[in-house]
Protein chains: 2
Amino acid sequence: MNQRQGLADGEAPDKAPARRLGKNGDGAERHETIYRSISDAIIEHRLRPGARLREDALAEVFGISRTGIRKILQRLALEQLVTLTPRRGASVTRPTADEAKDVFDARQMVECGLMPDVARRITPEDVRELRDMANREREALKAGEQSRAIKLSAAFHERLAQLSGNATLAAFVGQLCSRSSLILAVYGNPGHLGCESHDHDDLIGYLEARNGERAAAFMSRHLKAIEASLSIVEEEAEAPDLQSIFGA
Amino acid sequence: MNQRQGLADGEAPDKAPARRLGKNGDGAERHETIYRSISDAIIEHRLRPGARLREDALAEVFGISRTGIRKILQRLALEQLVTLTPRRGASVTRPTADEAKDVFDARQMVECGLMPDVARRITPEDVRELRDMANREREALKAGEQSRAIKLSAAFHERLAQLSGNATLAAFVGQLCSRSSLILAVYGNPGHLGCESHDHDDLIGYLEARNGERAAAFMSRHLKAIEASLSIVEEEAEAPDLQSIFGA
DNA sequence: ATGGCAACCATTGTATACGCATCGCGGGCC
DNA sequence: GGCCCGCGATGCGTATACAATGGTTGCCAT
């Protein structure tokens with residue numbers, strides 16, 4: 001929503017100016033921006049699960065051709081944020097209950113397992129940065145900006161994982177957080193956001209004290225609390241079992 | 001240079017015309033096959049790290065256009081099997097020492113953490129399947145077919161993770177195993193293959209006895225042994241630090 | 001002889017054009 | 001009046017063409 005540099009307005013005749021603008025920055029960087037725009041929109045629930053993402057609509061909005069959009073869509077699909085059905089196009093993934101369980105189990109294992117490393121390596125600067133993120137999240141929550149709070153919460157968890165020093169696991173946690181955001185969108189109760197506002201601050205305290213054990217235990221409870229707050233009922237919206245509904 | 005082995009099944013002659021009209025249904029399946037071909041070639045070390053993968057060469061070999069190849073290449077890039085440099089094309093990833101450490105640390109955490117679940121859920125059929133895989137791996141090793149042994153070993157670890165019931169973590173383990181294969185190709189000592197042949201059998205024994213604890217401990221030792229067998233010396237072929245070499 | 005420069009070539013990145021499958025709708029038939 | 005079939009439209013998948021960039025090589029000047 002920020003990148004519409006001269007997109008739709010009379011682009012047919014004077015394509016040159018738009019082209020010049022676009023390529024001067026850099027093609028790859030441009031794609032990265034667009035990717036982040038869509039990704040953010042999904043994570044912030046501005047695009048709800050199930051929403052269809054038409055290729056040429058996106059292409060027109062962002063002012064690039066369908067080719068680039070497809071590339072981005074495929075990347076999002078590999079990260080499980082969008083679902084690509086063979087000839088039906090792309091849509092925001094609607095996680096199943098099983099997937100939700102898997103994601104939270106995975107977070108349980110990885111994020112908790114990372115806490116000792118984080119506690120060992122964390123620096124005062126890191127602590128300050130984390131506290132800042134937690135503050136901003138709390139403010140967003142207080143201001144009623146759920147979208148922002150959700151994104152900040154995911155960013156907090158991801159940043160935490162990055163502090164472990166293991167880039168591979170950090171990237172994995174990042175994906176899990178994104179998917180968690182989707183899960184919240186589908187199974188979350190309104191008004192009950194995932195992360196309690198003070199939880200993150202408490203966690204920072206344990207890490208600052210270099211108490212990896214307690215941090216891990218706290219993270220475990222934290223994630224369990226989020227998962228427990230979900231109302232996971234398989235909606236089975238796509239295959240309503242008519243037999244069971246109307247009786248045999 | 002060395003991708004003549006690209007496709008095993010004899011599809012050379014009538015390929016292009018047949019595929020042109022075969023675009024109807026098997027398109028996705030075909031891409032999946034090609035993806036697997038390239039992926040296997042990398043995992044089996046038939047394509048060594050650093051090997052360049054030219055788009056039109058691949059397109060010609062597999063009888064599809066560059067568009068499809070690009071899609072596959074991007075997928076492989078996201079899985080870290082190939083590296084895409086902006087205008088230099090694709091090449092098989094050459095993992096750095098840091099990445100190698102991250103990957104093995106991640107495997108340590110995830111695979112060991114999964115063992116209790118696997119021990120709890122494993123069935124006699126699963127045991128039989130695993131033993132069969134271990135046998136085939138041992139045979140390949142005995143026959144000197146390192147490529148096959150490496151792939152089978154990775155497949156064993158991935159299948160093991162699948163038995164945990166967590167598809168998300170299983171997929172992650174699959175990626176880690178693929179990357180491990182690359183790491184072995186770069187840092188492995190010749191003649192000293194990653195997994196000892198009897199290790200997998202022992203592991204199956206613990207799992208069959210539903211002893212998740214011992215299985216996890218054994219897996220930990222197993223992975224440590226593999227990692228220890230590597231000779232990780234940063235080759236820094238690309239950016240030799242002349243300053244440190246020739247003194248300041 | 002060596003170093004710099006410039007033109008060429010190889011290869012990727014992007015856009016556009018085309019073909020086909022699927023979905024929705026209207027009319028005809030039962 | 002309801003159901004089925006045919007038709008049109010929409011939208012994806014693939015291929016091809018074009019543009020731009022980086023490497024390479026050959027030539028010239030010093």
Side-chain angles (χ1 to χ4, degrees), chain A residues 3 5-8 10-35 38 50-78 82-92 238, chain B residues 1-3 15-35 38 50-78 82-93 238:
Chain A
Q3 196 67 5
Q5 77 308 341
L7 46 105
E11 71 202 353
D14 53 339
K15 195 78 165 185
R19 262 246 191 87
R20 157 176 57 103
L21 244 176
K23 82 170 167 160
N24 81 2
D26 191 337
E29 199 167 321
R30 200 155 147 56
H31 279 167
E32 183 69 20
T33 305
I34 297 174
Y35 160 77
I38 300 178
R52 297 204 37 187
L53 302 171
R54 284 201 4 252
E55 289 181 355
D56 39 7
L58 290 173
E60 192 175 358
V61 165
F62 289 106
I64 64 173
S65 82
R66 276 179 49 216
T67 311
I69 292 295
R70 293 174 62 88
K71 192 163 77 175
I72 294 169
L73 247 28
Q74 279 156 19
R75 177 170 168 195
L76 288 166
L78 285 191
V82 313
T83 302
L84 247 42
T85 54
R87 274 163 206 92
R88 296 286 309 279
S91 59
V92 179
E238 17 243 342
Chain B
M1 38 283 296
N2 48 358
Q3 46 241 37
K15 180 101 315 306
R19 278 339 172 228
R20 288 257 287 290
L21 34 130
K23 66 169 66 168
N24 55 20
D26 59 336
E29 201 166 319
R30 185 155 173 63
H31 278 170
E32 184 67 21
T33 305
I34 297 173
Y35 160 78
I38 301 177
R52 295 199 44 184
L53 303 171
R54 280 196 11 245
E55 291 181 354
D56 46 5
L58 291 173
E60 191 176 0
V61 166
F62 290 106
I64 64 174
S65 83
R66 276 178 49 218
T67 310
I69 293 295
R70 293 175 61 86
K71 194 163 78 174
I72 295 169
L73 247 29
Q74 279 157 19
R75 178 171 168 192
L76 288 166
L78 285 191
V82 312
T83 302
L84 247 42
T85 55
R87 269 158 208 99
R88 299 284 310 277
S91 60
V92 179
T93 298
E238 17 244 341

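Both backbone and side-chain heavy atoms feed into the values below; hydrogens, waters and symmetry mates do not. Remember, predicted model here, so these are calculated numbers, not experimental data. Residue numbers begin at 1 in each chain, while the letters A, B, ... track the order of the sequences.
Listed candidates were D:dG13, C:dT14, C:dC23. Nearest to the side chain of A:Arg70 is D:dG13. For A:Arg54, the listed nucleotide lying nearest its side chain is D:dC12; candidates were D:dT14, D:dA17, D:dC12. You'll find that the side chain of B:Arg87 is closest to C:dG13, out of C:dG13, C:dT14, C:dA15. Of the candidate nucleotides C:dT12, D:dT14, C:dT14, C:dT12 has the atom lying nearest to any side-chain atom of B:Asp56. Among the nucleotides D:dG13, D:dA17, C:dC23, the one closest to any side-chain atom of B:Arg66 is D:dA17. Considering only side-chain atoms of B:Ser65, the nucleotide from D:dA15, D:dT14, D:dG13 that sits closest is D:dA15. Among the nucleotides D:dT14, D:dA17, C:dT16, the one closest to the side chain of B:His31 is D:dT14. Nearest nucleotide to the side chain of A:Thr67, out of D:dT14, C:dA15, C:dC23: C:dA15.
Side-chain nitrogen and oxygen atoms of A:Lys71 include none within less than 4.0 Å of the OP1 or OP2 phosphate oxygen of C:dG13.
The CG atom of B:Leu58 sits 12 Å away from the P atom of C:dT11 (whole-angstrom rounding). At whole-Å resolution of the value, CZ in B:Arg30 and C1' in D:dT14 are 13 Å apart.
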side-chain contact (heavy atoms from CB on, under 4.5 Å) between B:Leu73 and B:Leu58, intermediate numbers included:
CA-CA 10 Å; B:Leu73 247 29; B:Leu58 291 173; 4.1 Å; yes
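Mapped onto DNA chain C by nearest heavy atom, B:Arg88 and A:Ile64 fall at different nucleotides, with B:Arg88 at the one closer to the 5' end.
Two residues are said to be in side-chain contact when any heavy atoms from C-beta on lie closer than 4.5 Å; B:Glu55 and B:Arg70 meet this criterion.
B:His31 and B:Ile72 get closest at one heavy-atom pair: O-CD1, 3.8 Å.
Taking five base pairs at each end of the helix from C:dA1-D:dT30 to C:dC30-D:dG1, the local helix axes there meet at an angle of 0°, rounded to 10°.
Atom CD of B:Glu60 has 12 or fewer neighbouring heavy atoms from other residues, nucleotides or ligands inside a 6.0 Å radius.
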